[in-house]
Q: 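For reference, the structure I am asking about is given below.
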Amino acid sequence: MTAPARAHVVGAGLAGLAAAVRLADAGIAVTLYESAQHAGGRCRSYFDATLGCRIDNGNHLLMQGNGAAMAYLAAIGAGDTLTGPEEADYPFLDLATGERWVLRPGRGRLPWWLFDRGRRVPGTSLRDYLAAARLALAQPADTVAAVLDPQSVMYRRFWRPLTVAALNTRAREASALLLGRVLRESFGRGGAACRPLMPKIGLSESLIEPALAHLRQRGAEIRFVARLRGIEIADGRIAALGFEAGGEPVAAGEMVVLAVPAPVAVRLVRGLDAPDQFRAIVNAHYRISIGDDAPFFVGLIGGTAEWVFRKREVLSVTVSAADRLIDQPAEELSLRLWRDVEQAYGLTPQKMPPAQIVKERRATFAATPAELARRPKQRTRWPNLALAGDWTDTGLPATIEGAIRSGFAAADEVLAVKTT
Ligand SMILES: Cc1cc2nc3c(=O)[nH]c(=O)nc-3n(C[C@H](O)[C@H](O)[C@H](O)COP(=O)(O)OP(=O)(O)OC[C@H]3O[C@@H](n4cnc5c(N)ncnc54)[C@H](O)[C@@H]3O)c2cc1C
C-alpha cells in the first residue's frame, strides 16, 4: 500500500492552493491547473491603471483565530505578512447619530468585558448579549432575524452588520445556525482569537504568490490558462481530465482534487448538488493615503458603505450582500460611497480622489438555510475525486478560512486513500 503517485489539483484559488500545498508538503507530486492567467481566484491583487497602484479585488479580513489560514500562511512562509491592531479593536460610527465606539472584547475566553458598559455597543445591555444563546439553540431552518429581535438597538448595531459582514447575506434570510458557528469560532474563543488581520501589502503578496513559490520549490507543476472542460469516467473512477488544450490521463494511483467554483463543479461532475444562489460584494477604492495613526478600518452603521479600510495607497469600501447596488453606474456609486468614507475617517469634505468600483456579482454563495443544506462533503462517489472550495460543507461561511479548510480536508482525503 502506497500514497497516491500524483494529485491533479484543478483551480488555483485558495482552496486549490491549500490542497496543493498540503499534498506537496506530504511528498506527493502535484500538478495544479488554473483556467485564468493568474492564481488567487476571488482573493487576489492586481495593478489598477485608473488608480495607478495595486489593489485587492476586495477587502478581506482575517482573524488571529482562523486556524487553517494561519497554518497555511506558516506553511508557505508568509506568517509575517499580515498586520492589524494589537488588540481585537473594532471601531464603529453610527452615521445617523454621529456616535463612535470601539467594540473591544477582552483577550480571554470568559467574556468579563460584557460587564464593562464602556466596552459594549452604546445603547445595549448585558441581556442583549445573552441573546447569543438563542443562536446556539437555532434550528437548521431558522434565520437570524427570526431568532433575534430585529427591533433592538443590538440588532441594528451588532447582529445585522455582523451577519452581513460574516455571511454576505442579509440577516432576514441568513442562517442563524451558521452565524452561531461563526460566533463560537470568534468571540466564543476570546478576544485574542478575534484580533483582525489583513495583508501588509496585498492579498496576492500574502496568500497567493508565496504559495506558488512554495509549490514550485517542492517541484509542483503549475499550468495557467488550463480550463477543465470535462471529466472522463471509466470503471467507476476518474480516468482523464479534458482541458481545452487536450486530455490529461489520470493513471491508476493518481487522484484529482476539484477546487473550482460551485457552478463550474456542477457542470463537470454528474449528479453533484451544490449551492446555486449567490450574493454580490461591491468594493470602492479611492487613491488617497492618510496617516498611519488612523484606524485600520471603521465599521459604519446606517450608511451605504459598511466598512472602510485604510490601505497603503487607498481607502477601500466594502458593501456586502450588495445585489441592490450591482447595476448602479460606477460614477454614482463612487460619489455616494465617498461621502461615507469622509465621515468614517473624519476627513474635511473634499473633491473625490481617483476612484475605482469593483463589483463581484457572485462573490459568495448565499448563506441561507436552503443553500447550506446543499453543500457537499469533500469525498465523492468516485474514489479518486475529492472536492474543495468555500462552497463545500466546511461548517463555515464562504471565507478564506473556509476555503483553506476545504483544501486541507480534500488533501487529507487524498492522503487517506492508499493505492496498491
Ligand atoms: C469581494 C470579496 C470580498 C471578500 N471578503 C472576504 C473577507 O473579508 N474575509 C474572508 O475570509 N473571505 C472573504 N471573501 C471570500 C473569499 O475570497 C473566498 O471564500 C475564497 O477566496 C474562495 O476561494 P476558493 O478557492 O474556494 O474559490 P475561487 O477563489 O473562486 O477559486 C476557484 C479557482 O478555480 C478557477 N477555475 C474556474 N473554473 C475552472 C476550470 N474549468 N478549470 C480550471 N480552473 C478553473 C478560477 O479561475 C479560480 O482561480 C471575499 C470574496 C470576495 C469576492
Side-chain angles (χ1 to χ4, degrees), residues 11-18 20-21 32 34 36-64 66 68-85 165 195-216 222 224 281-292 294-298 305 307-320 334 337 341 345 353-360 363-364 390 398-404 407:
L14 282 172
L17 287 170
V21 164
L32 177 62
E34 165 58 50
Q37 287 171 337
H38 49 76
R42 280 170 282 152
C43 178
R44 64 193 176 83
S45 323
Y46 54 90
F47 181 79
D48 181 90
T50 306
L51 300 181
C53 64
R54 272 174 78 78
I55 55 172
D56 293 335
N57 70 313
N59 300 308
H60 282 62
L61 196 70
L62 279 160
M63 283 188 185
Q64 187 81 59
N66 289 154
M70 296 306 139
Y72 168 82
L73 285 162
I76 62 176
D80 60 352
T81 65
L82 300 182
T83 185
R195 185 182 162 221
L197 292 169
M198 60 215 80
K200 281 182 189 159
I201 300 179
L203 290 169
S204 291
E205 286 80 356
S206 284
L207 290 148
I208 311 303
E209 283 155 18
L212 295 174
H214 182 81
L215 287 169
R216 289 194 178 105
I222 303 172
F224 290 109
I281 296 181
V282 168
N283 280 264
H285 306 275
Y286 300 92
R287 182 77 200 259
I288 180 172
S289 296
I290 61 169
D292 285 353
F296 283 94
F297 55 82
V298 179
W307 296 91
V308 186
F309 289 81
R310 170 175 65 79
K311 305 280 190 72
R312 282 190 326 152
E313 294 173 301
V314 291
L315 284 176
S316 284
V317 168
T318 296
V319 189
S320 299
S334 47
L337 294 168
V341 174
Y345 278 96
Q356 182 64 280
I357 296 284
V358 181
K359 298 172 176 175
E360 294 268 5
T364 71
D390 61 358
T399 51
I400 293 177
E401 176 70 5
I404 292 175

Q: Is the closest basic N to carboxylate O distance between E205 and R312 below 4.0 Å?
A: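 No, E205 and R312 are not salt-bridged.
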Q: Can you find a pair of side-chain heavy atoms, one from H285 and one from T50, that are under 4.5 Å apart?
A: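 A side-chain contact under 4.5 Å is absent here.
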Q: Check whether any side-chain heavy atom of P210 sits under 4.5 Å from a side-chain heavy atom of T81, and report yes or no.
A: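 They are not in contact (no side-chain heavy atoms under 4.5 Å apart), so the answer is no.
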Q: Using only atom types and a distance under 3.5 Å, with no angle test, would you say the side chain of R195 pairs donor to acceptor with the backbone of Q64?
A: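 No; judged by distance alone, with no hydrogens or angles, the pair does not exist.
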Q: Mind listing the closest non-hydrogen atom pair of Y286 and V317 along with its distance?
A: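 That closest heavy-atom pairing would be CE1-CG2, 4.0 Å.
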Q: Using every non-hydrogen atom in the two residues, find where I357 and A284 come nearest and quote the distance to one decimal.
A: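 Minimum heavy-atom contact is CD1-CB, 3.7 Å.
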Q: Do you know the tightest heavy-atom contact between L51 and P354?
A: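 Here L51 and P354 meet closest at CD2-O, 3.3 Å.
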Q: Given 3.5 Å as the limit, does a donor-acceptor pair link the side chain of R310 with the main chain of D292, or not?
A: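 Yes; at least one donor-acceptor contact below 3.5 Å.
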Q: Which atoms form the tightest heavy-atom contact between I281 and A363, and what is the distance?
A: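 Closest approach of I281 to A363: CG1-CB, 3.4 Å.
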Q: When rounded to the nearest 0.5 angstrom, what distance separates CZ in R54 from CD1 in I201?
A: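 These two atoms lie 9.0 Å from each other.
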Q: How many angstroms lie between atom CG of L315 and atom CD1 of I290, to the nearest 0.5 angstrom?
A: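 Separation between the atoms: 4.5 Å.
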Q: Are any non-hydrogen side-chain atoms of I400 and N66 less than 4.5 angstrom apart?
A: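 No, side chains not in contact.
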Q: Using the rule side chain to side chain contact (heavy atoms under 4.5 Å, CB included), only one of I288, I55, N59 pairs with K311; which is it?
A: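 Going through the options one by one, the only one that passes is N59.
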Q: With a 3.5 Å distance limit and no angle check, can you tell me whether N283 reaches the backbone of S316 through a side-chain donor-acceptor pair?
A: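 No, the answer is negative, given that no donor and acceptor are paired below the 3.5 Å cut-off.
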Q: Checking Y345 side chain against F309 main chain: does a donor-acceptor pair fall under 3.5 Å?
A: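 A pair under 3.5 Å: no.
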Q: Under a 4.0 Å N-O cut-off, is there an ion pair linking K200 with D80?
A: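 Answer for the salt bridge query: no.
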Q: Say you draw a straight line from CG of L62 to CE of M70; how long is it, rounded to the nearest 0.5 Å?
A: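 If we round to the nearest 0.5 Å, L62:CG and M70:CE are 5.0 Å apart.
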Q: Is the shortest heavy-atom distance from the side chain of L215 to the side chain of L17 under 4.5 Å?
A: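 Yes, at least one pair of side-chain atoms sits under 4.5 Å.
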Q: Looking at side-chain heavy atoms only, is the closest gap between P85 and P196 below 4.5 Å?
A: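 With C-beta onward as the side chain, the pair touches.
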Q: Kindly give the heavy-atom pair with the smallest separation between L73 and S206, and that separation in Å.
A: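 Reported closest heavy-atom pair: CD2-O, 3.6 Å.
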Q: Please check: side-chain N/O of Y72 versus main-chain N/O of L207, any donor-acceptor pairing under 3.5 Å?
A: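 Looks like yes, one N/O pair under 3.5 Å.
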Q: Can you tell me if H60 uses its side chain to pair, donor with acceptor, with the backbone of G58 under 3.5 Å?
A: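 Side chain of H60 to backbone of G58: a pair is present.
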Q: Taking the inter-plane angle between the rings of W307 and F297 on a 0 to 90° scale, is it parallel (under 30°), tilted (30 to 60°) or perpendicular (over 60°)?
A: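 Taking F297 first and then W307, their aromatic rings stand perpendicular (interplane angle over 60°).
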Q: Answer yes or no: is there a side-chain heavy-atom contact under 4.5 Å between V314 and Q356?
A: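 Heavy-atom side-chain distance check fails, nothing below 4.5 Å.
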Q: Any donor-acceptor pair under 3.5 Å linking the side chain of E401 with the backbone of A69?
A: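 Side chain of E401 to backbone of A69: a pair is present.
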Q: Taking it one step at a time, do E34 and R44 satisfy salt bridge (Lys or Arg N to Asp or Glu O under 4.0 Å)?
A: CA-CA 14 Å; E34 165 58 50; R44 64 193 176 83; over 6 Å; no
Q: What pair of heavy atoms forms the shortest contact from G202 to P199, and how long is it?
A: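 Scanning both residues completely, I find the closest heavy atoms to be O-CB, 3.2 Å.
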Q: A side-chain contact here means heavy atoms from C-beta on lying under 4.5 Å apart; do L14 and I208 qualify?
A: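 Side chain of L14 against side chain of I208, heavy atoms only: contact under 4.5 Å found.
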Q: Is any side-chain heavy atom of D56 closer than 4.5 Å to a side-chain heavy atom of M198?
A: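 No; the side chains remain at least 4.5 Å from each other.
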Q: Are the side chain of S204 and the backbone of E209 linked by a donor-acceptor contact shorter than 3.5 Å?
A: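 Such a contact is absent between S204 side chain and E209 backbone.
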